[in-house]
Protein chains: 2
Amino acid sequence: MAAAAGVSVSTASLAFSGSGPIADATRERVLAAARSLAYAGPNPLGRQLRRGRSGIVGVIMGDALRRAFRDPVSSQVLDGLAATLGPLGLGVLLVPGPHDASQPAVDPLLESAAMDVAVQMWGGTTDDPVLETLRRRGTPTVLVEGTPQPDVAAVGIDDRGGMAELTRHLLDLGHTRIATVTLPFDRGRSSGPADAARQSHLVWEITRRRLAGVTDAGVTPTTVYETPASLVENGAAAGRALLSGPDRPTAVICQSDLLASGVVLAARELGLRVPQDVSVAGFDGLDLAWLAPDVLTSVAQPLAEKGAAIGAAVSALLEGRMPEPQVLPVALRAGTTTGPAPR
Amino acid sequence: MAAAAGVSVSTASLAFSGSGPIADATRERVLAAARSLAYAGPNPLGRQLRRGRSGIVGVIMGDALRRAFRDPVSSQVLDGLAATLGPLGLGVLLVPGPHDASQPAVDPLLESAAMDVAVQMWGGTTDDPVLETLRRRGTPTVLVEGTPQPDVAAVGIDDRGGMAELTRHLLDLGHTRIATVTLPFDRGRSSGPADAARQSHLVWEITRRRLAGVTDAGVTPTTVYETPASLVENGAAAGRALLSGPDRPTAVICQSDLLASGVVLAARELGLRVPQDVSVAGFDGLDLAWLAPDVLTSVAQPLAEKGAAIGAAVSALLEGRMPEPQVLPVALRAGTTTGPAPR
DNA sequence: CGGGCTTCTCGAATCGATTCGATCCGCATG
DNA sequence: CATGCGGATCGAATCGATTCGAGAAGCCCG
């Protein structure tokens, strides 16, 4: 300890912390000594142990990091979160979520890393091994877009309501044959049309809710097409399958904008005009410049606010309070990719 | 401490660490007691203090997180890095880089967070305030794509050579009027054509090197167009400016694929055919499905390997070794967006 | 039956900062 | 001159795990 330098032990602490009664002259002396000894300031580890706080918020991505980051939704929420946490002196530790089914279900970091609070970015069913682990470790947790649970703080959006509104928008346009392209059902990540049996095994809450929104509006999709991830290429694959078969739907509702843009690309590829031949709608309200000249019809969710809401939940948990579940509003945003149903 | 439960103090440690001489019966007894007391295992903070290691690698994004994540290059490198670090028991702590010029140059986390090693993902000139801070704190650092410095480990790619090769490819196709769209020059983030005076103030190494590659091939760009960030919309803006003026270039070399795809979109928008009317080339070798049917001509860099190389450098630093500077190879990948110069 | 050896368990020190209470000093007041 | 008071500084305990060396118990063999 650099205290040997100037004079004392605990006084040095006062000198650095700034608070507490200390003569200016003494502080100066201590700081000068620290400089000359190339002492870089208090060791964070000591402080953390004493305080019982690490200042770290573990963010468990719902997926391999690579895929998670390719999803602008995660990225923008994460950015909003980091912006809220920064001023609180909290840092974001990335914890990989469930990998491929071959890997262990829980990343070793989740078992051993120091974190004051955890944020689970996706999924999170009741018996989720991730939540299981966090519960065992006693780490307060914020669950984003997951299955509501008593001991876990929740932040989400009104995706069910938004999806219903979007569906009614298409009904108003006269569409009757409506297909839907969904997010993954579970960690298994299969893809293709999902029959009733498969649909009854739908595990991930977010997928289920968005699907329920379509049903709420009174629509039974001609096809429920499951994808292994929310990426443009998965949407394109789904689009090719849906739009090249017989009984082509007149509208395709996608559970994310990336999937929807993939469907638009597939339609272009097949020589179909959007929206004259087929309407396509997404979810998230991303600003996809490269889809020009099309502007996706979508349900916009407030991404930065979502990050901020998560941040607020985190700080509530740090103060020992369990925050109220947050459900942020969404807004239908009509673009150029939906239009009247072809006759 | 849960040691009061079963029997002893230090024995409990042995029971959990698994190593060391301990009777199976005793271990069982301790673990059982831990379970019944809902003790969640050793507190990481204590372990970290004792070990003098936090197990945390701070990754300083060269930009606001939002922008950083919208860049697939950063994301994929980060993913490769996390994959390498995971098995070593190391976690990635996100540290926001320089924000807008209005914000403080250095994030508070950089000053106070516990990290064993830091990775600076971008930029990093000699007098970079980030490196300055890390140096003062004595944190070993890996600099990615930055200005070489004696006390900092370096990982980079041969972007200068790759750019030269790409430029020669265009020369072989008969192009003479070649413009170039660059990454930002500095934190200032201005945009527009950069004259000689402006070019002499180019601060960021990566931009400088890629520009130098063009010159190496013997080409003086008709215009050097500076952008504020490597995003599609910035490329589109640059493309509109370059392609709608008089003396339109016959080829545009972009310092990133996202910029290049923006230029392609701008060309489409202006009714120009790619590559018949104008050739466009990028850098990074991303897989941009949504640009279909075009496939971008680009210089591919090994993103996952780059992440792995950074991980290797990190673990070398943790062992007290200063790793050799790594320069990963790149490869020209011809797509459909470049072709013979129009006559 | 005792010496020597192995195997396990325990105490105590250590990592580094924070914090509470105690002490000490100088100055002012009765 | 003595007492009181306030401000500054210091000691010691504490956070929780790890680790080394010492000691104790049990066992084998002479």
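Side chains are part of it too, since the values below use all heavy atoms of this structure and drop only hydrogens, waters and symmetry mates. Throughout, a chain's letter reflects where its sequence line sits, starting with A, and its residues are numbered from 1. Quick caveat: nothing in here was measured; it's all calculated off a predicted structure.
Atoms CZ (B:Arg53) and P (C:dG16) sit 13 Å apart, rounded to a whole Å. Taking atom CG of residue B:Leu45 and atom P of nucleotide D:dA17, one finds them 10 Å apart after rounding to whole Å. What separates CZ of A:Arg47 from P of C:dG16 is a distance of 14 Å, to the nearest Å. Distance CG (A:Asn43) to P (C:dC15): 12 Å, rounded to an integer number of Å. Between the CZ atom of A:Arg51 and the C1' atom of C:dA17 there is a distance of 9 Å, rounded to whole Å.
Closest to the side chain of A:Ser13, from the set D:dT18, C:dT19, C:dG16, is C:dT19. For A:Leu49, the side-chain atoms get nearest to D:dG16 when compared with the rest of D:dG16, D:dA17, C:dT19. Closest to the side chain of B:Pro42, from the set D:dA17, C:dT19, D:dT19, is D:dA17.
Sorted by first and then second residue, the side chain to side chain donor-acceptor pair (under 3.5 Å) pairs with a member in residues 302-312 of chain A read A:Glu145-A:Lys306, A:Gln301-A:Lys306; sequence neighbours excluded. Each ring-ring contact (aromatic ring centres under 6.0 Å, His included) pair with one or both residues in residues 79-98 of chain B, not counting sequence neighbours, would appear here, but there are none.
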Each nucleotide in nucleotides 8-13 of chain D should get exactly one letter: B, S or -. Can you fill that in based on protein heavy atoms under 4.0 Å? SBBBB-
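Among residues two or more places apart in sequence or in another chain, the side chain to side chain donor-acceptor pair (under 3.5 Å) test is passed with B:Asp116 by B:Ser54. Listed by chain and residue number, B:Asp24 satisfy the salt bridge (charged side-chain N to carboxylate O under 4.0 Å, His left out) test with B:Arg27 (two or more places apart in sequence, or in another chain). Applying the side chain to side chain donor-acceptor pair (under 3.5 Å) rule to A:Thr11 yields the partners A:Ser8; only residues at least two apart in sequence or on another chain are considered.
No donor-acceptor distance shorter than 3.5 angstrom exists from the side chain of A:Arg135 to the backbone of A:Asp151, with no hydrogens or angles considered.
Between A:Tyr39 and the phosphate of C:dA17, there is a side-chain N or O to OP1/OP2 separation shorter than 4.0 Å.
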